[in-house]
Trainee: 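I have a structure here, written as structure tokens, and I will follow up with some questions on it.
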Amino acid sequence: MKINNQPPVFQQIIASPVGYLKLQASTHGLTHLQVVAESTTLDALSQADSGEVNQAKAFVIQAIEELREYFSGERQDFDVKLAAKGTEFQQQVWQALKALPFGDICSYAAIADTIERPKAVRAVGAANGANPIAIIVPCHRVIGKDGSLTGYAYGLEMKQFLLNLEGVNL
């Protein structure tokens with residue numbers, strides 16, 4: 001994942017086992033994956049030229065296929081190029097999350113240790129909460145230091161569903 005200053009130029013909403021997902025991309029990669037309340041038809045977001053829109057659309061199409069495979073149990077790792085906008089610290093946290101293997105869990109403290117910032121546990125929690133690419137950057141794999149299921153932007157029920165899908169039973 002790299003720091004991205006380009007806004008998304010294409011978006012699409014799809015149905016998934018966890019609800020509707022809105023995917024957005026720039027010409028640099030997928031910028032957002034969010035759970036939304038309803039499905040609407042969305043395409044181009046800006047006055048970008050058709051080549052830029054087509055490039056961004058290709059990232060969204062790839063992400064949709066990879067998500068379909070993930071939800072059907074055929075995929076454990078995502079290959080779609082990511083281009084989330086965030087600070088250098090957030091990028092470090094998101095990279096550490098991305099490196100967390102399918103079916104593994106960890107605490108905020110473990111992520112802080114991974115990025116060699118052991119005292120930044122709260123900041124890691126904030127960066128985790130600011131993750132704009134849910135599921136693919138697996139912030140759902142972070143649990144409490146005591147092994148308990150902790151907060152998740154899209155609710156504990158969805159977090160538990162994703163962990164169960166990955167074979168983690170808490």
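Being a predicted model, the structure only gives us computed values, none of them experimental.
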Trainee: At what distance, to the nearest 0.5 angstrom, does OH of Tyr70 lie from CD of Glu65?
Mentor: 15.5 Å
Trainee: Any idea which heavy atoms bring Pro118 and Val121 closest together, and the distance?
Mentor: O-CG2, 3.6 Å
Trainee: Among Asp77, Asn131, Leu82, which residue meets the side chain to side chain contact (heavy atoms under 4.5 Å, CB included) test with Lys98?
Mentor: Leu82
Trainee: Using only atom types and a distance under 3.5 Å, with no angle test, would you say the side chain of Glu66 pairs donor to acceptor with the backbone of Ala63?
Mentor: no
Trainee: Any donor and acceptor pair, going by atom type alone, linking the side chain of Arg75 with main-chain N or O of Leu67 inside 3.5 Å?
Mentor: no
Trainee: For Glu157, is the CD atom crowded, meaning more than 12 foreign heavy atoms sit under 6.0 Å from it?
Mentor: no
Trainee: Hey, mind stepping through Leu33 and Leu21 against side-chain contact (heavy atoms from CB on, under 4.5 Å) and telling me if it holds?
Mentor: CA-CA 6 Å; Leu33 191 164; Leu21 302 177; 4.0 Å; yes
Trainee: Whether the side chain of Lys119 engages the backbone of Ala112 through a donor-acceptor N/O pair (distance < 3.5 Å, no angle test) should be reported.
Mentor: no
Trainee: For the residue pair Val18 and Ile135, establish whether any side-chain heavy-atom pair is separated by less than 4.5 Å.
Mentor: yes
Trainee: Search all heavy atoms of Asp79 against all heavy atoms of Gln62 and return the closest pair with its distance.
Mentor: C-NE2, 3.6 Å
Trainee: Quick check: does any side chain N or O of Trp94 sit under 3.5 Å from a backbone N or O of Ala127, one acting as donor and the other as acceptor?
Mentor: yes
Trainee: Looking at CD of Gln11 and OG1 of Thr31, how far apart are the two atoms once the value is rounded to the nearest 0.5 Å?
Mentor: 9.0 Å
Trainee: Give the C-alpha distance, both sets of side-chain angles, the deciding distance and a yes or no for side-chain contact (heavy atoms from CB on, under 4.5 Å) between Ile143 and Ser107.
Mentor: CA-CA 5 Å; Ile143 62 168; Ser107 66; 5.7 Å; no
Trainee: Please evaluate residues His32 and Leu23 with respect to the criterion side-chain contact (heavy atoms from CB on, under 4.5 Å), reporting the C-alpha separation (whole Å), side-chain torsions for both, the decisive distance (0.1 Å), and the verdict.
Mentor: CA-CA 6 Å; His32 297 84; Leu23 295 93; over 6 Å; no
Trainee: Which value, rounded to the nearest 0.5 Å, describes the distance between Asn54 atom CG and Thr27 atom OG1?
Mentor: 12.0 Å
Trainee: Would you say the side-chain atoms of Ser72 pair up with the backbone N or O of Arg68, donor to acceptor, closer than 3.5 Å?
Mentor: yes
Trainee: How far apart are the closest heavy atoms of Ala123 and Phe89, and which atoms are they?
Mentor: O-CE2, 3.5 Å
Trainee: So, do Lys85 and Gln90 sit near enough that their side-chain heavy atoms are less than 4.5 Å apart?
Mentor: no
Trainee: Linking I/L/V/M/F/W/Y whenever any side-chain heavy atoms sit under 4.5 Å apart, do Ile115 and Val142 land together?
Mentor: yes
Trainee: Working note: Gln34 + Tyr20, criterion side chain to side chain donor-acceptor pair (under 3.5 Å); need CA distance, chi angles, decisive distance, verdict.
Mentor: CA-CA 8 Å; Gln34 302 164 305; Tyr20 292 108; over 6 Å; no
Trainee: Does any part of the side chain of Tyr154, heavy atoms only, come nearer than 4.5 Å to the side chain of Phe161, both counted from C-beta?
Mentor: no
Trainee: Working to the nearest 0.5 angstrom, can you tell me the gap between Gln24 CD and Ile133 CD1?
Mentor: 10.0 Å
Trainee: In the single-linkage hydrophobic clustering (I, L, V, M, F, W, Y; side-chain heavy atoms under 4.5 Å), do Ile136 and Met158 co-cluster?
Mentor: yes
Trainee: Can you give me the closest heavy-atom contact between Ser26 and Ala83, atom names plus distance?
Mentor: OG-CB, 4.2 Å
Trainee: Can you check side chain to side chain donor-acceptor pair (under 3.5 Å) on Gln160 and His140, steps first, answer last?
Mentor: CA-CA 8 Å; Gln160 186 68 66; His140 61 273; over 6 Å; no
Trainee: Measure the CD-NZ distance between Gln12 and Lys57 for me, rounded to the nearest 0.5 Å.
Mentor: 7.5 Å
Trainee: Say you draw a straight line from CG of Asn169 to CG of Asn164; how long is it, rounded to the nearest 0.5 Å?
Mentor: 5.0 Å
Trainee: So, does Gln92 use its side chain to make a donor-acceptor pair with the main chain of Glu116 at under 3.5 Å?
Mentor: no
Trainee: Any salt bridge linking Arg117 with Asp113? Criterion: basic side-chain nitrogen under 4.0 Å from a carboxylate oxygen.
Mentor: no
Trainee: Between Asn128 and Tyr108, is there a donor-acceptor pair closer than 3.5 Å when you use the side chain of the first and the backbone of the second?
Mentor: no
Trainee: With a 6.0 Å cut-off (strictly less than), is the heavy-atom count around CD of Glu74, excluding the residue itself, greater than 12?
Mentor: yes
Trainee: Any chain of hydrophobic side-chain contacts (each under 4.5 Å) joining Val80 to Leu100?
Mentor: no
Trainee: Evaluate side-chain contact (heavy atoms from CB on, under 4.5 Å) for Glu69 paired with Phe78, printing each intermediate quantity in order.
Mentor: CA-CA 10 Å; Glu69 293 168 352; Phe78 293 91; over 6 Å; no
Trainee: Just wondering, do Arg141 and Leu162 contact through their side chains at under 4.5 Å, heavy atoms?
Mentor: no
Trainee: Under a single-linkage definition using a 4.5 Å side-chain heavy-atom cutoff for Ile, Leu, Val, Met, Phe, Trp and Tyr, are Ile13 and Ile61 assigned to the same hydrophobic cluster?
Mentor: no
Trainee: For Thr150, is there any backbone N or O sitting under 3.5 Å from a side-chain donor or acceptor partner on Lys159?
Mentor: yes
